[in-house]
Protein chains: 2
Amino acid sequence: MTPRDRVLVHFTADLVILTIRGGALHVLLVERANEPFAGLLALPGGFLRGAETVRQAAERELREETGVDPATLHLEQVGVYSAPDRDPRPRRVITCAFLAIAPDLPVPTAGSDARSARWTPVDDLLGGATRLAFDHDQVLADAVEQAREKLRFSTVATVFCEPEFTISDLREVYEAVWGVELDRPNFHRKVTDADGFIIPTDGKRAVPTGRPARLYRAGPADVLDPPMARTARTRPRF
Amino acid sequence: MTPRDRVLVHFTADLVILTIRGGALHVLLVERANEPFAGLLALPGGFLRGAETVRQAAERELREETGVDPATLHLEQVGVYSAPDRDPRPRRVITCAFLAIAPDLPVPTAGSDARSARWTPVDDLLGGATRLAFDHDQVLADAVEQAREKLRFSTVATVFCEPEFTISDLREVYEAVWGVELDRPNFHRKVTDADGFIIPTDGKRAVPTGRPARLYRAGPADVLDPPMARTARTRPRF
DNA sequence: CCAAAAGTGTTCATACTACACCCATGG
DNA sequence: CCATGGGTGTAGTATGAACACTTTTGG
């Protein structure tokens, strides 16, 4: 082959930023201001610049969209999307998708890009009712599936929570991401027994009614072994 | 930002083709004929051309290097490597690494590219004794770790084997990839009980000494649940 | 005291570990 | 018959599922 066969491409990093709002998994979407797909909803993202790595580009976008220090969040690669027709512009655009996990954030800086950012329930999108720009429907589905698996084998669920959280908070993370109901007593034992998953603090948090819950913070472990079982509990009979 | 900030890059697909030879995990390496890194060992790979997807480029390279139909092998994405200095050429080159799993193949077509391909024991490389071109040491380490995890939760181990194989063949795959010794009786039960992992055939294979082993072929399942335990068996005391 | 949520104890089933033992074949 | 690797049985242990139960608060 000759070097002339080599395609020159643009490269982007796209972000699937997940959080939990009101017990449901949400993803941050932006309304596209420019062509292609102007007016359509899309994952936030942007072109690789200068001497950045792809990850650095993703971190820059994450900071721009959420205003949060990427070091405090969880960010991992999902994969490359390279279908030649995924972007209609003449110059090919290949993207690398990243999965970001964040606690419930205010949507602050619609600033820099003047694109309106909004949290959208993931369930509304996976059904296929709304179509996203580019191949972002597929990217979203892949990233959500990766997040679901990640929760089984790692302790990232704590990143969805505030710095101090109750065991019920943590359980609701699993229930929102997996869309199942988990057995409360068994979940409690599981996470308290797991080495380095959560660390008890002195504080407690009052609840609307009932016994106050102990507060915990994230522990040093990042792998969860044995993993969290994803089986739904049997629904209580009436 | 202006469109001028967007970097134009070349894109490659690099392959970590793993197989098992003589009970040890091997990877296919090529000696680079051209600069950069001429003379050094590297993972096979090549530039994205025309309207290919990255996966199609990987499949094309796989066919060129091994002469085998990619449809019969296992091929999955590992990730993107985009450090700006990973390739010294003035135009940036970003790569997407793929993990390929293959049965023991003859190294046929050193043909098209006139690069000498060779199977190399992975253990010799992970130690860091030999340095590979580009960031391929890191790519190899990531891909091998991905293969190790993949074996736990999927049935891909059968792809390392010939179409018909014995349970000992399959066990030796796990032992080679994981570098452990597994309990033979328990492994036997585990894989025969697992639904859709292996299907018995009518054949048997004579062994140098001892009872002939039943032959199996790969089953339809691709997930292995519950997963294979990675714990080494206690070494037999003498 | 009652409702509700936090947290603990107990039982049963399953699955894994270790290892004893039997089976089939070649020499 | 013996060595060797294939294959089965089984007892002890660990983990998880289900759910009864106790604890602690607000009203």
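These numbers come from the heavy atoms of this one structure, side chains and all, not from hydrogens, waters or symmetry mates.
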Sugar-phosphate, base or nothing in reach of Pro212(B), heavy atoms under 4.0 Å: sugar-phosphate

Parallel, tilted or perpendicular: ring planes of Tyr174(B) versus Trp178(B), cut at 30 and 60 degrees: perpendicular

From dG9(D), dG6(D), dG7(C), nucleotide with atom closest to Pro185(B) side chain: dG9(D)

Any Ser168(A) side-chain N or O less than 4.0 Å from OP1/OP2 of dA6(C): yes

Side chain of Asp183(A) - closest among dG7(C), dA6(C), dC19(D): dC19(D)

Integer-rounded Å distance: dA5(C) C1' and Glu175(A) CD: 14 Å

Within 6.0 Å of CG in Asp193(A), more than 12 heavy atoms from elsewhere: yes

Nearest-neighbour nucleotide for the Ala229(B) side chain, dT8(D), dA24(C), dC16(C) considered: dC16(C)

Residue His188(B), side-chain atoms from C-beta onward, closest of dC16(C), dG7(D), dA3(D): dG7(D)

5′-ward residue of the pair Gly210(A)/Arg189(A) relative to DNA chain D: Arg189(A)

Glu59(B)/Arg55(B) ion pair, N-O < 4.0 Å: yes

Asp193(B) CG - dG9(D) P separation (whole Å): 11 Å

Over 12 foreign heavy atoms within 6.0 Å of CZ, Arg205(B): yes

Protein-nucleotide distance (Leu182(B), atom CG; dC16(C), atom P), rounded to Å: 13 Å

Atom-to-atom span, CZ of Phe187(A) to C1' of dT15(D) - whole angstrom: 17 Å

Minimum-distance nucleotide (side-chain atoms of Arg211(A) versus dT24(D), dA24(C), dC19(D)): dT24(D)

Separation of atom CZ in Arg230(A) from atom P in dG16(D), rounded to whole Å: 17 Å

Interatomic distance where NZ belongs to Lys204(B) and C1' belongs to dA24(C) [whole Å]: 8 Å

Contact nearer the 5' end of DNA chain D, comparing Arg171(B) with Asn186(B): Arg171(B)

Separation of atom CZ in Phe165(A) from atom C1' in dA6(C), rounded to whole Å: 16 Å

Gap between atoms CG and P, on Asp225(B) and dG16(D) respectively (whole Å): 13 Å

Residues Arg152(A), Leu224(A); criterion side-chain contact (heavy atoms from CB on, under 4.5 Å); working and verdict: CA-CA 7 Å; Arg152(A) 293 183 60 192; Leu224(A) 183 57; over 6 Å; no

Distance-only donor-acceptor test, Arg184(B) side-chain atoms vs dG7(D) base atoms, 3.5 Å: yes

